[in-house]
Undergrad: 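For reference, the structure I am asking about is given below.
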Amino acid sequence: MQDMFFSQLVGKPVFTQQGTYIGKLKDAIASIYKEPPIVTSIVISAGPKVILVLDADINAVKKDTIILNKIHHSPLPEDILYIAQDIMDKQIVDVNGRKVVRVNDLKATFISQKIVIIGVDIGFSGLLRRLGIERPIKFLCKLLHIPLGDNIIAWDNVEPIVSEERHLKLAVPYKKLRQLHPADIADIIEDLDSHYRSAVFHALDEQTLADTLEEIEPDVQVNIIENMSEEEASNILENMPADEVADILEELDEEHAQKLLERMDKEDSEEIKGLMEYEDKTVGSMMSTDFIAFPPDITAQQTIDQLRLIQPSPDEAYYLYVIDKDEHLIGVVSLRDLVVAPPDRLLKDIMDPNVIYVRDTDGIYDLTEVVTKYDLLAVPVVDDDMVLVGVAIINDIIDEVFLPRRRKHA
C-alpha cells in the first residue's frame with residue numbers, strides 16, 4: 001500500500017511499461033458509487049492534445065512517473081466523477097459533521113495496481129500542498145511550535161456535490177445525504193452555492209423535499225420555490241403543513257403565490273388562504289390546522305383504532321380534542337388517560353371538560369404565558385364561537401418566539 005495525495009499525481013509524466021512517453025496526468029475518473037472510489041480511467045495532457053485512457057491498467061506510481069501496463073478501451077460509465085474537475089476546490093458535504101466543506105486535496109492510496117480515493121483534505125495543509133509551499137511552511141511552523149496537521153475526512157463520511165446537469169446522469173444521487181434529518185439537510189442546502197443548491201434539492205424524494213423546505217431559512221425557501229416550475233412547487237407545498245405553506249407564500253410575489261394556490265387541492269388552498277388572512281403576531285398566524293378531534297360518544301377502543309388508521313405525527317398526538325357536532329371544543333383527552341381507560345368507556349366520560357385554550361386572534365405572547373403557566377406541549381385554538389380551528393404546538397412557539405431567524409414574523 002502506498003499513500004499519496006491527488007495533487008501530487010497531477011502533472012506526473014505517464015509512460016507505458018515499454019518506456020513510451022504518453023503525456024502528463026491531468027485528471028482521473030472514478031465511479032461515484034464505489035466505496036471507496038477506484039480510479040478506472042485517467043485523462044492525460046499530451047501537448048495541445050488531451051487523451052482519455054479508459055480502464056487504465058496502472059503498473060506503478062513512482063516518485064516522478066506513472067507507468068501503465070497497457071491501455072484498454074471500453075464505454076465510459078455515466079455515474080462517474082472527474083476528480084480534479086468535480087471534486088478539487090469544490091464544495092462537498094461532511095455527512096458525519098453535517099456541514100458543507102471545501103476540498104483542498106484528496107487522500108489516495110495505490111493498492112493492487114489501483115489508485116483508490118480514501119479521503120478528502122479540507123485543511124490548510126492541503127491548500128499549501130497545492131501551492132507547492134507545504135514543506136517550507138510546515139518547517140517554519142515546526143520551528144515556531146505551531147501545529148499544522150492535515151484535516152482528512154474519510155470518504156465514507158463525505159458526499160460529493162455536482163451540478164444539476166451532472167447529477168441527472170447519476171443513478172442514485174446523494175444516497176448518504178438522504179439519510180440525514182431534514183433539519184441537517186436544510187442547513188447543508190443553505191450553505192451550498194446556488195449553482196449546487198438546486199441539484200441537491202431536486203435529488204430528494206417529494207416528502208423529504210417538503211420536510212426539508214419547512215426547515216430552510218425564508219429567503220432560501222423563496223429562492224428555491226422561484227426556481228421551480230409551478231407544478232413541482234405546488235406538489236411539494238401540498239406535502240407541507242398549511243401554516244408553513246402560508247408563511248412561504250406570504251414571502252412570494254402575490255401573483256406567483258396565487259398561481260401556486262390555484263394548482264393546489266381546493267380544500268388545501270382554502271385552508272392556506274384562511275391562515276394568510278390572520279395578522280402577524282397573532283396565534284392564528286402561526287397555529288397548525290393539523291389536529292386530532294373526535295366526537296364525545298365513541299369508545300376508548302374505537303378512538304385507539306382510529307388513531308392507528310390516522311397514524312398522526314408526534315406533534316399532532318400530544319393531546320386529543322373532543323368536539324360536538326358543530327365542532328365546538330368541549331374537552332381534551334391525554335394519551336395516557338385514553339390508554340388506561342376501559343375499552344368500552346366513552347370519550348365524554350374520559351375527557352377533561354376544563355380545557356385550557358387560546359383564541360385565534362390572541363397575541364403570540366399571550367399564548368406563551370398560557371404555555372408557561374400550565375406547562376403544556378400544545379394548546380387548542382378556537383374562534384369567537386368556540387369552534388376548534390387549530391392547535392399551537394410547542395415546537396412552533398419556540399420557533400416563533402425564541403428562534404426568530406427561521407420565522408418570517410421575527
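For reference, positions follow the sequence shown, starting with 1. Quantities reported herein were computed from a predicted structural model and do not represent experimental measurements.
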Undergrad: How many angstroms lie between CD1 in Ile122 and CD1 in Ile153, if you round to the nearest 0.5 Å?
TA: 3.5 Å

Undergrad: Kindly indicate, with the supporting measurements, whether the criterion side-chain contact (heavy atoms from CB on, under 4.5 Å) is fulfilled by Ser7 and Met88.
TA: CA-CA 9 Å; Ser7 63; Met88 296 282 270; 4.2 Å; yes

Undergrad: Is the backbone of Glu206 close enough, under 3.5 Å, to the side chain of Asn239 for a donor and an acceptor to pair up by distance?
TA: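 Here the side-chain-to-backbone pair does not exist.
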
Undergrad: Hey, is NZ on Lys90 packed in by over 12 heavy atoms from elsewhere, all under 6.0 Å?
TA: yes

Undergrad: Please report the C-alpha distance between Ile83 and Ile117 in whole Å, then the side-chain angles of each, then the deciding distance to 0.1 Å, and finally whether the side-chain contact (heavy atoms from CB on, under 4.5 Å) criterion is met.
TA: CA-CA 9 Å; Ile83 293 173; Ile117 306 300; 3.8 Å; yes

Undergrad: Would you find more than 12 non-hydrogen atoms of other residues, nucleotides or ligands less than 6.0 Å from Tyr357 atom OH?
TA: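 Not more than 12 within 6.0 Å, no.
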
Undergrad: Is Arg308 salt-bridged to Asp305, cutoff N-O under 4.0 Å?
TA: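 Asp305 and Arg308: salt-bridged.
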
Undergrad: Using modelled atom types and a 3.5 Å cut-off, is there a donor and acceptor pairing between side-chain atoms of Ser288 and backbone atoms of Asp290?
TA: yes

Undergrad: Quick one: does any side-chain atom of Glu159 pair with a main-chain N or O of Val95 as donor and acceptor, under 3.5 Å?
TA: no

Undergrad: Given Leu237, which of Ile272, Val245, Leu261, Asp268 fulfils the side chain to side chain contact (heavy atoms under 4.5 Å, CB included) condition?
TA: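 Only one option passes, and that is Val245.
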
Undergrad: Determine yes or no for a side-chain-to-main-chain donor-acceptor pair under 3.5 angstrom, with Arg345 supplying the side chain and Ala300 the backbone.
TA: no

Undergrad: Any luck finding a side-chain donor-acceptor pair between Asp57 and Gln113 under 3.5 Å?
TA: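 Absent: no donor and acceptor within the cut-off.
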
Undergrad: Are Asp280 and Ser285 close enough that a side-chain donor and a side-chain acceptor fall under 3.5 Å?
TA: no

Undergrad: Using side-chain heavy atoms (C-beta onward) and a distance below 4.5 Å, is Leu68 in contact with Phe15?
TA: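 Leu68 vs Phe15: side chains apart.
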
Undergrad: Taking atom CD as the centre, does Glu327 end up with more than 12 heavy-atom neighbours from other residues, nucleotides or ligands that are less than 6.0 angstrom away?
TA: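 At most 12 heavy atoms, drawn from other residues, nucleotides or ligands, come within 6.0 Å of this atom.
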
Undergrad: Say whether, by atom type as modelled, one donor and one acceptor occur between the side chain of Gln91 and the main chain of Asp191 under 3.5 angstrom.
TA: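 Yes, Gln91 side chain to Asp191 backbone: donor-acceptor pair under 3.5 Å.
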
Undergrad: Is Thr372 reaching over with its side chain to a backbone N or O of Glu369, donor-acceptor style, under 3.5 angstrom?
TA: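 No, the answer is negative, given that no donor and acceptor are paired below the 3.5 Å cut-off.
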
Undergrad: Would you find a donor on one side and an acceptor on the other, under 3.5 Å apart, between the side chain of Lys12 and the backbone of Lys63?
TA: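 Looks like yes, one N/O pair under 3.5 Å.
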
Undergrad: For residues Leu213 and Gln221, report the shortest heavy-atom separation together with the two atoms involved.
TA: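 Scanning both residues, the minimum pair turns out to be O-NE2, 2.7 Å.
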
Undergrad: Under 3.5 Å, side chain of Asn104 to main-chain N/O of Gly123, donor-acceptor pair present?
TA: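 Indeed, once roles are kept as given, a pair shorter than 3.5 Å links the two residues.
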
Undergrad: Just how far is it from atom CD of Glu254 to atom CG of Leu249, taken to the nearest 0.5 Å?
TA: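 It is 11.5 Å, given to the nearest 0.5 Å.
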
Undergrad: Kindly give the heavy-atom pair with the smallest separation between Glu190 and Val220, and that separation in Å.
TA: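 Smallest heavy-atom distance, with atoms named: CG-CG2, 4.2 Å.
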
Undergrad: Checking Phe110 against Ile58 for the side-chain contact (heavy atoms from CB on, under 4.5 Å) test, could you report, in this order, the C-alpha distance in whole Å, the side-chain angles of both residues, the deciding distance, and whether it holds?
TA: CA-CA 9 Å; Phe110 185 64; Ile58 302 173; 3.6 Å; yes

Undergrad: Just so I know, are the side chains of Asp360 and Asp362 near enough to count as touching, which here means a heavy-atom distance under 4.5 Å?
TA: no

Undergrad: Under a 3.5 Å distance rule, please check whether Asp375 uses its side chain to pair with a backbone N or O of Val371 as donor and acceptor.
TA: no

Undergrad: Return the CD1 to CD1 distance between Ile66 and Ile115, rounded to the nearest 0.5 Å.
TA: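 Going from the CD1 atom of Ile66 to the CD1 atom of Ile115 covers 5.5 Å.
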
Undergrad: Side chains of Met286 and Tyr278, heavy atoms from C-beta outward: is any pair under 4.5 Å?
TA: no

Undergrad: So, are Lys266 and Glu270 salt-bridged, with charged N and O less than 4.0 Å apart?
TA: no

Undergrad: In the structure I gave you, are the side-chain heavy atoms of Val93 and Val101 within less than 4.5 Å of one another anywhere?
TA: no

Undergrad: Please check: side-chain N/O of Arg197 versus main-chain N/O of Ile189, any donor-acceptor pairing under 3.5 Å?
TA: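 Checked: pair present.
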
Undergrad: May I ask you to check if Lys107 and Phe5 form a cation-pi contact, with NZ or CZ under 6.0 angstrom from the six-membered ring centre and within 45° of the axis?
TA: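 Yes, cation above the ring, under 6.0 Å and within 45°.
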
Undergrad: Calculate, to the nearest 0.5 Å, the distance between atoms CG and CD belonging to Asp243 and Glu214 respectively.
TA: 7.5 Å

Undergrad: Between Lys176 and Asp156, does any NZ, NE, NH1 or NH2 come within less than 4.0 Å of an OD or OE carboxylate oxygen?
TA: no

Undergrad: Quiz question: by atom type and distance under 3.5 Å, do the side chains of Thr208 and Asp205 form a donor-acceptor pair?
TA: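 Yes, a side-chain donor-acceptor pair sits under 3.5 Å.
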
Undergrad: Looking at Ile22 and Ala46, what are the two nearest heavy atoms and their distance?
TA: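 Scanning both residues completely, I find the closest heavy atoms to be O-CB, 3.3 Å.
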
Undergrad: Would you say the side chain of Ile216 lies within less than 4.5 Å of the side chain of Asp187, judging by non-hydrogen atoms?
TA: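 Answer no - side chains too far apart.
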
Undergrad: Taking all non-hydrogen atoms of both residues, which atom of Val333 and which atom of Ile350 are closest, and how far apart?
TA: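 Smallest heavy-atom distance, with atoms named: CG1-CG2, 4.0 Å.
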
Undergrad: Verify whether one side chain among Thr109 and Asp3 offers a donor that lies under 3.5 Å from an acceptor in the other.
TA: yes

Undergrad: Please find the pair of heavy atoms, one from Phe6 and one from Asp105, that lie closest to each other, and give the distance.
TA: N-OD1, 3.5 Å

Undergrad: Taking only residues two or more places apart in sequence or in another chain, which ones pass side-chain contact (heavy atoms from CB on, under 4.5 Å) with Val103?
TA: Ile87, Ile92, Leu106, Val120

Undergrad: Just how far is it from atom CD of Gln301 to atom CG of Leu338, taken to the nearest 0.5 Å?
TA: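 That separation rounds to 9.0 Å.
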
Undergrad: Is any side-chain heavy atom of His328 closer than 4.5 Å to one of Leu388?
TA: no

Undergrad: Rounded at 0.5 Å granularity, tell me how far CG in Leu335 sits from CG in Leu307.
TA: 7.0 Å

Undergrad: Do Asp297 and Leu347 make a side-chain contact, defined as non-hydrogen atoms from C-beta onward lying under 4.5 Å apart?
TA: no

Undergrad: With a 4.5 Å cut-off on side-chain heavy atoms, are Asp247 and Met276 touching?
TA: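 Contact flag for Met276/Asp247 side chains = no.
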
Undergrad: What do the steps show when you test Leu376 against Ile356 for side-chain contact (heavy atoms from CB on, under 4.5 Å), and what is the final call?
TA: CA-CA 9 Å; Leu376 299 172; Ile356 305 300; 4.0 Å; yes

Undergrad: Please determine whether salt bridge (charged side-chain N to carboxylate O under 4.0 Å, His left out) holds for the pair Asp184 and Lys99, giving the CA-CA distance in whole Å, both sets of side-chain angles, and the decisive distance to 0.1 Å.
TA: CA-CA 8 Å; Asp184 292 320; Lys99 60 184 178 181; over 6 Å; no

Undergrad: For Leu260 and Ala233, work out which heavy atoms get closest and say how close.
TA: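 Scanning both residues completely, I find the closest heavy atoms to be CD2-CB, 3.8 Å.
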
